[in-house]
J.: 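Handing you this structure, nothing more for now.
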Amino acid sequence: MCGIVGYTGERFASRILLDSLSRLEYRGYDSSGIALLTETNMQVIRARGKLRELSKKLEGEMTDARAGIGHTRWATHGVPSEKNAHPQLDPFGRVAVVHNGIIENWEDLRQQYGQGLFSSDTDTEVLAHMLVGGLDAGLDLVEAVQLILSKARGAYSFLAVDSQQPDRLVGARVGNAGGLVIGISEDESIVASDVSALLPYSQEFIFLESNEIVDIRPSVVEIFSSDGERKIRSPERLSLDPVTAAKGTYKHFMLKEIHEQPETLLNGMRGRYSGTSETIDLSSELNHERFSIENLKEINRCLIVGMGTSMHAAMIGRHYLEQFARIPTEVDNSAEFRYRRPLLDEKTLVISVTQSGETVDTLAAMEEAQRAGCPQITLSNSVGSQTTRLADSTIMLHAGPEIAVASTKTMIASVIALHGLSLFLGKQRGLLQPEVEQEQVHQALLLPAAVSNVLNFTDEIDKLAEKYSASNNFLFLGRGLGYPVALEGALKLKEVSYIHAEGYSAGEMKHGPIALIDDQMPTLAICTQGDVHDKMRSNIQQIRARGGAVIALVSEGDSSMDAIATDTLIVPDIDPILSPIPAVVALQLFSYGIATRRGADVDQPRNLAKTVTVE
Ligand code: AGP
């Protein structure tokens with residue numbers, strides 16, 4: 001969950017490192033640090049808090065350094081503090097290490113390989129001790145890294161520098177705790193946890209695989225296996241746009257990203273949904289051998305895995321797969337899935353949903369599926385991410401950079417991708433009627449306008465946010481497709497505003513949660529689903545009878561809740577199967593409105609990181 005960067009070349013390292021770190025701050029932001037090297041000196045500067053604290057400390061320091069490493073931290077071992085910030089050093093100050101992930105046996109390693117006193121509570125510091133021990137014993141830097149890889153258990157990646165070899169960086173990656181990507185340019189090399197940090201500096205990248213070591217000098221990058229065997233790797237060329245990541249005139253990235261959703265939907269449907277023929281086509285994105293018509297007919301089960309918001313998108317996708325592709329579908333939380341010894345075979349299609357493509361639990365679930373020979377599709381927003389390398393096929397979300405920690409547009413992009421995939425699979429399996437395909441494509445193409453309408457209601461939603469912003473507890477209820485919407489509404493509210501919010505299936509309400517209802521516990525009831533509408537009405541009446549306030553989220557033109565709900569939140573009336581999309585957008589605005597009123601750090605909520613690369 002931490003972000004790591006490194007640079008060696010002709011330019012001023014501190015500026016480049018800071019700039020790259022600012023692009024990785026979404027991975028962690030409780031402390032940061034940098035190690036800068038000149039021919040004669042290594043200086044390490046660390047600060048608690050956000051990156052701006054480090055910037056202040058760095059002003060005027062080591063401006064002549066042409067190499068260095070940097071880190072932005074999300075604490076796992078040791079509280080956020082200056083002493084626990086990275087880089088971590090050996091006791092003699094010769095080497096410095098920045099690290100992401102967890103060294104599981106760090107306590108044992110401290111006993112065995114400590115070179116003196118430890119000055120932090122981190123699992124990282126022992127890596128610096130091990131490195132210097134190796135160098136003192138006459139090993140080369142790469143050999144010393146090999147020693148670490150043979151002893152340190154866990155999933156991690158790290159970068160290190162040796163003050164006696166000031167233009168050289170070494171790094172390694174073990175398992176799936178976040179990658180290491182090396183950007184190649186003439187006379188300089190830059191490396192980071194992910195490609196987004198490198199975009200202004202390079203368009204050619206080498207992605208380090210698990211159990212690989214990288215040895216980086218300004219104009220030479222060498223890759224080795226953990227046994228020290230040299231590997232030949234050609235850089236991949238990616239053209240990505242750093243400019244779209246800017247906040248523009250919006251107060252927060254979250255608000256900007258909410259407002260981008262009509263375009264996100266268009267980008268997600270472009271080239272897949274045809275407005276002229278009203279047909280769907282994803283054939284160019286699916287591996288033809290793995291997903292031939294014959295193979296797809298053989299599939300007898302689908303499993304969608306994901307975490308958090310991506311799992312909620314998956315729960316909506318389950319309805320689509322069962323309805324349009326007629327495949328029995330389960331959704332699993334990736335973290336639970338991997339530990340329950342799931343029954344899988346090559347007739348189970350595994351679909352992973354992950355905007356980052358780096359979520360450690362989702363990667364582990366995919367590895368489990370790979371071992372069982374399951375065909376796999378991943379939905380990801382990150383070109384070159386780990387899941388895209390593991391899956392047989394990738395459906396890119398095309399949502400553009402999502403900087404706010406809370407997922408908004410990537411969820412909507414995941415839902416539309418699952419809708420398209422379900423229609424396409426149904427068609428390939430010969431189970432989707434052409435008129436259903438036509439109607440669904442037609443309805444989906446109305447979504448960008450529907451979401452724009454929700455955004456036009458921002459003032460109304462904001463008034464509701466104002467009214468309820470003092471509440472400290474919230475219940476979100478929904479049935480059918482409204483259930484994952486309720487879960488997502490609750491998750492968004494708690495992560496950005498720190499309000500305690502529970503999402504429940506409305507049918508579950510009487511089995512416990514109703515005990516919570518009183519005049520201090522408002523409920524947001526998702527009432528857009530026609531087939532469960534009457535049941536939601538009953539739920540609302542039961543809550544009102546117990547003194548609870550209810551905001552009913554209803555489709556435009558539905559006045560049936562006016563008399564019983566305390567307030568209504570109106571979204572455009574669209575095909576019920578697609579209604580989660582505008583409903584989720586309305587709830588994003590509601591959470592944003594409450595969070596800003598409570599003064600929360602909307603884009604970087606406390607304790608969270610955008611990409612969860614540790615268990
Ligand atoms: C959503 O707002 C959260 N930040 C979180 O639940 C997120 O959806 C989850 O960590 C999964 O991330 P992924 O899509 O990158 O796999």
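When reading the values below, keep in mind they use all heavy atoms of this one structure, side chains included, and skip hydrogens, waters and symmetry mates. Counting starts at 1 for both ligands and their atoms, following the listed order.
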J.: Specify the protein heavy atom at minimum distance from atom 1 (C) of ligand 1: its residue, its atom name, and the distance to 0.1 Å.
T.: Thr309 OG1, 3.0 Å

J.: Using heavy-atom distances only, which candidate in Met254, Glu358, Glu402, Met307 approaches atom 11 (C) of ligand 1 most closely?
T.: Met307

J.: Glu466: what forms a salt bridge (Lys or Arg N to Asp or Glu O under 4.0 Å) with it, not counting sequence neighbours?
T.: Arg597

J.: Taking the six-membered ring of Tyr498 as reference, does the NZ or CZ atom of Arg598 fall below 6.0 Å from its centre and within a 45° cone about the axis?
T.: no

J.: Using heavy atoms and a threshold below 4.0 Å, how should the contact between Met311 and ligand 1 be classified: side chain, backbone, both, or neither?
T.: neither

J.: Classify the angle between the aromatic ring planes of His419 and Phe324 as parallel (below 30°), tilted (30 to 60°) or perpendicular (above 60°).
T.: perpendicular

J.: Suppose we screen for salt bridge (Lys or Arg N to Asp or Glu O under 4.0 Å). Which residues come up paired with Glu502, at least two apart in sequence or across chains?
T.: none

J.: Among Val451, Val585, Leu397, which residue satisfies the side chain to side chain contact (heavy atoms under 4.5 Å, CB included) criterion with Ile412?
T.: Val585

J.: CG of Leu491 to NZ of Lys494: how many Å apart, nearest 0.5 Å?
T.: 6.5 Å

J.: What I want to find out is whether Arg318 reaches Glu322 closely enough, with some N-O distance under 4.0 Å, to be called a salt bridge.
T.: no

J.: Using the ring of each side chain (for Trp, its six-membered ring), is Tyr592 parallel, tilted or perpendicular to His252, with breaks at 30° and 60°?
T.: perpendicular

J.: Closest non-hydrogen protein atom to atom 10 (O) of ligand 1, residue and atom name please, with distance?
T.: Val612 CG2, 4.0 Å

J.: Looking at Ser407, which atoms of ligand 1 are within less than 4.0 Å of one of its heavy atoms?
T.: 1 (C), 2 (O), 8 (O)

J.: Below 3.5 Å, N or O to N or O, backbone or side chain included: is there any such pair between Val405 and ligand 1?
T.: yes

J.: Give me the nearest non-hydrogen protein atom to atom 13 (P) of ligand 1 as residue plus atom name, then the distance to 0.1 Å.
T.: Thr359 OG1, 3.2 Å

J.: What is the nearest protein non-hydrogen atom to atom 3 (C) of ligand 1, stated with its residue, atom name and distance?
T.: Glu495 OE1, 3.5 Å

J.: Should the pair Phe474 and Phe590 be assigned to parallel (<30°), tilted (30 to 60°) or perpendicular (>60°) ring geometry?
T.: perpendicular

J.: Identify, for atom 14 (O) of ligand 1, the protein heavy atom at the shortest distance, and state residue, atom and that distance.
T.: Ser310 OG, 2.6 Å

J.: Looking only at protein heavy atoms, which one is nearest to atom 15 (O) of ligand 1, and what is the separation?
T.: Ser356 OG, 2.6 Å

J.: Using a plain distance cutoff, I'd like to know if Thr362 has any nitrogen or oxygen under 3.5 Å from a nitrogen or oxygen of ligand 1.
T.: no

J.: With a cutoff of 4.0 Å, is Lys492 in contact with ligand 1, counting heavy atoms of the residue only?
T.: yes

J.: Any idea which atoms of ligand 1 are less than 4.0 Å away from a heavy-atom of Ala406?
T.: 2 (O)

